[in-house]
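Just the heavy atoms: all of them, side chains too, but no hydrogens, waters or symmetry mates, feed the values below. Here the structure is a predicted model, which is why all the values come from computation and not from measurement. Counting starts at 1 for both ligands and their atoms, in listed order.
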Amino acid sequence: MAESAPVPKLVYLVTGGCGFLGEHVVRMLLEREPRLRELRVFDLHLSPWLKELKTGPVQVTAIQGDVTQAHEVAAAMAGTHVVIHTAGLVDVFGRASPETIHKVNVQGTENVIKACVQTGTQFLVYTSSMEVVGPNVKGHPFYRGNEDTPYEAVHRHPYPRSKALAERLVLEANGRKVRGGLPLVTCALRPTGIYGEGHQIMRDFYHQGLRLGGRLFRAIPASVEHGRVYVGNVAWMHVLVARELGPRAALMGGQVYFCYDRSPYKSYEDFNMEFLGPCGLRLVGTHPLLPYWLLVLLAALNALLQWLLRPLLLYAPLLNPYTLAVANTTFTVSTDKAQRHFGYEPLFSWEDSRARTILWVQATEGLAQ
Ligand SMILES: NC(=O)C1=CN([C@@H]2O[C@H](COP(=O)(O)OP(=O)(O)OC[C@H]3O[C@@H](n4cnc5c(N)ncnc54)[C@H](O)[C@@H]3O)[C@@H](O)[C@H]2O)C=CC1
Ligand SMILES: C[C@@H](CO)CCC[C@@H](C)[C@H]1CC[C@H]2[C@@H]3[C@H](O)CC4=CC(=O)CC[C@]4(C)[C@H]3CC[C@]12C
């Protein structure tokens, strides 16, 4: 007798579902999670593309809400089976205050955990970050590391600090009893630098290159490798984890997984040129054009200007002491933990990931910045 298709019965909620990664998670769930009955998309700002999704077989519910408001989170989560918590304030440029970053990333995560307990949601997947590990303030390289590689994770910047605190809360919550008496099963995914369709910083570099007559200038030595992962593969890992947390709770509960695929190890700038090159940009210089001490000085000057101008305007350039330190420190991942624990294989090859990203960069040409 032919096997019948599974009856869709699960309710998922994706926080931050209108963000760069969140949108890919939402679309991937609709494409590849046959057990889905309802998908709730929770975000501070709802995107217009959500309307297009409402015509399929899965009920898509858009919920405008704030993770820092416990009652809004609890109301949205009532009756959900799985929550994928991607919402976060991704700010390493000094746009938001450290207090706001903490509030959204840590308190927001605390609210999601509390809501799981209160409403009986049994599975929580948290989008953490490589930044939870490093690069650390000492600039130690992390070369082809895995989840068990010893590394001195010391942070001073509010963003990595908040992600580390939030990740700890999520992992500590594993096993806590939720409403109805079942244990909460949690796990954290740590993407390295995500790229792909919708990546704002890539778009910024592209427009900067266009303004500079089709050129970008090398600032970081080509020998400094930076881990990158395609957004579609990060989304796929979230979908798989959410699916496997039930059957493999004993193995996966309370675990962390780096998000990885077969994207090549390169410097941040050389990697970006994989996409920006075919779009007509050129990276000038085989070595950094400015000496490192001058970049450090410029980054410090930017930080000072940001502070001085704050009462008048928001000055938040890409270069600051923190972004320079991250870009200038080798941080690469080499692991198969996700493959061993839940059978993850990248859904998109490097060639596909590259081609999709190039198409997207080309399509952004002429768009307002
Ligand atoms: N972009 C990257 O390279 C990496 C990102 N991550 C993590 O992935 C997650 C998603 O990041 P991206 O998609 O890049 O950022 P994003 O800024 O594009 O998306 C974040 C989403 O969260 C929403 N959000 C922010 N504050 C909220 C609040 N108070 N209540 C409800 N929703 C709120 C935003 O409206 C946005 O739609 C974040 O948790 C981030 O820390 C981790 C590693 C790398
Ligand atoms: C010195 C400049 C010369 O061109 C280059 C500056 C590039 C930086 C803006 C980026 C270099 C590394 C990026 C970070 C990294 O990919 C890890 C991240 C993980 C996250 O969870 C959030 C984003 C980010 C901090 C990412 C931000 C941009 C860079 C610092």
Side-chain angles (χ1 to χ4, degrees), residues 14-26 41-47 63-69 72-73 76 84-93 95-96 100-101 103-105 107-109 111-112 126-135 155 157 159-160 162-164 166-167 188-196 198-202 204-205 208-209 216-221 224 226-231 234-235 238 258-259 267-273 283 285 288-290 292 295-296 298-299 302 316-329 331:
V14 180
T15 70
C18 295
F20 165 43
L21 172 62
E23 176 176 353
H24 285 266
V25 171
V26 163
V41 181
F42 181 95
D43 204 299
L44 204 50
H45 309 286
L46 295 179
S47 303
I63 305 171
Q64 200 251 317
D66 184 342
V67 287
T68 69
Q69 301 303 310
E72 294 184 11
V73 179
I84 301 183
H85 178 38
T86 79
L89 195 44
V90 186
D91 181 20
V92 290
F93 306 110
R95 294 185 186 127
T100 310
I101 293 175
K103 198 170 166 197
V104 175
N105 293 354
Q107 214 169 296
T109 302
N111 289 339
V112 170
Y126 173 60
T127 315
S128 183
S129 167
M130 69 176 242
E131 294 266 307
V132 162
V133 180
H155 309 293
H157 194 279
Y159 174 73
S162 70
K163 294 299 287 184
E167 184 190 271
L189 297 184
R190 293 174 174 168
T192 54
I194 307 174
Y195 70 93
H199 186 212
Q200 184 57 43
I201 301 178
M202 184 82 76
D204 292 346
F205 274 110
Q208 190 180 59
L216 286 167
F217 298 95
R218 188 186 292 280
I220 304 296
V224 176
H226 191 84
R228 303 291 286 270
V229 60
Y230 176 61
V231 66
V234 180
H238 281 71
F258 276 120
C259 295
S267 78
Y268 191 78
E269 291 166 333
D270 285 304
F271 191 84
N272 286 351
M273 288 315 292
L283 182 62
L289 294 185
L290 298 177
Y292 187 62
L295 277 178
V296 171
L298 288 174
N302 275 343
L318 281 183
L319 181 69
N320 66 43
Y322 182 73
T323 57
L324 178 61
V326 176
N328 201 50
T329 306
F331 195 102

Does the pair V67 and H85 meet the rule for a side chain to side chain contact (heavy atoms under 4.5 Å, CB included), with working shown? CA-CA 10 Å; V67 287; H85 178 38; 4.2 Å; yes
[X] and ligand 1 - part of the residue with a heavy-atom distance under 4.0 Å:
X: V90; answer: side chain
X: V104; answer: side chain
X: K163; answer: side chain

For [X], the ligand 1 atoms whose distance to one of its heavy atoms is below 4.0 Å:
X: T86; result: 9 (C), 10 (C), 38 (C), 39 (O)
X: Y159; result: 6 (N), 40 (C), 41 (O)
X: T192; result: 43 (C), 44 (C)
X: C18; result: 37 (O)
X: D66; result: 28 (C), 29 (N), 30 (N)

Nearest-option assignment for [atom], heavy atoms, candidates [options]:
atom: atom 20 (C) of ligand 1; options: G88, A76, G193, C259; value: G88
atom: atom 1 (N) of ligand 1; options: Y126, F42, F20; value: F20
atom: atom 31 (C) of ligand 1; options: A166, G16, G65, S129; value: G65
atom: atom 8 (O) of ligand 1; options: I194, T127, L46, V234; value: T127
atom: atom 33 (C) of ligand 1; options: L44, V132, V229; value: L44

Sorted by chain and number, the residues that approach ligand 2 to under 4.0 Å with a heavy atom: V90, V92, F93, S129, M130, E131, Y159, G193, I201, F205, A219, H226, Y268, E269, L319, T323, V326, A327
Does some non-hydrogen atom of [X] fall short of 4.0 Å from ligand 1?
X: Y195; value: no
X: T15; value: no
X: S128; value: yes
X: G108; value: no

Mind telling me whether Y195 and F271 have parallel, tilted or perpendicular rings, with 30° and 60° as the class edges? perpendicular
Identity and distance of the protein heavy atom lying nearest atom 19 (O) of ligand 1: G19 CA, 3.4 Å
Under 3.5 Å, is there a donor on one side chain and an acceptor on the other for D204 and Q200? yes
